[in-house]
Amino acid sequence: MGEPRADNKKVLALTERIGFEHLFDFDFPHKRAAMLQCRRQRFFDAYAI
């Protein structure tokens with residue numbers, strides 16, 4: 001799971017490349033965040049040695 005700033009395009013692009021999927025955006029008191037998830041099976045299927 002991850003919750004970077006929703007407007008941080010570099011971080012969102014990088015996390016997509018390493019297997020995270022963007023679920024939705026939500027608000028914290030101090031920022032708009034993107035909820036990211038990398039499912040265990042997806043990670044091991046695509047990225048594990």
Side-chain angles (χ1 to χ4, degrees):
M1 301 302 288
E3 43 83 15
R5 290 186 62 91
D7 61 355
N8 191 335
K9 298 198 184 303
K10 287 183 180 182
V11 169
L12 295 176
L14 177 62
T15 55
E16 185 176 318
R17 286 181 47 202
I18 61 171
F20 281 80
E21 59 184 307
H22 180 254
L23 301 177
F24 55 87
D25 292 343
F26 65 99
D27 292 313
F28 277 122
H30 60 285
K31 71 177 181 180
R32 178 92 175 144
M35 177 59 73
L36 306 177
Q37 177 182 24
C38 183
R39 295 178 191 266
R40 180 180 175 85
Q41 192 61 48
R42 180 178 177 185
F43 175 81
F44 282 109
D45 288 346
Y47 303 100
I49 297 174

Asker: How close do C38 and G19 get, counting heavy atoms only, and between which atoms?
Answerer: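 What the structure gives for the nearest pair is SG-O, 3.6 Å.
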
Asker: Pairs under 3.5 angstrom only: tabulate donor-acceptor contacts from the side chains of residues 26-34 to other protein residues two or more places apart or in another chain.
Answerer:
unit_1 : atom_1 : unit_2 : atom_2 : d
D27    : OD1    : R32    : NH1    : 3.0
D27    : OD2    : R32    : NH1    : 3.1
K31    : NZ     : E3     : O      : 2.9
K31    : NZ     : E3     : OE1    : 2.8

Asker: Who else is in F20's hydrophobic cluster (ILVMFWY, side-chain heavy atoms under 4.5 Å, direct or via others)?
Answerer: L12, I18, L36

Asker: Residues in side-chain hydrogen bond (donor to acceptor under 3.5 Å, both in side chains) with N8, at least two apart?
Answerer: none

Asker: Within a radius of less than 6.0 Å around CD of Q37, do more than 12 heavy atoms belonging to other residues, nucleotides or ligands occur?
Answerer: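 More than 12 heavy atoms, drawn from other residues, nucleotides or ligands, come within 6.0 Å of this atom.
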
Asker: Using a 6.0 Å cut-off, check whether atom CZ of R39 has over 12 heavy atoms from anything other than its own residue.
Answerer: no

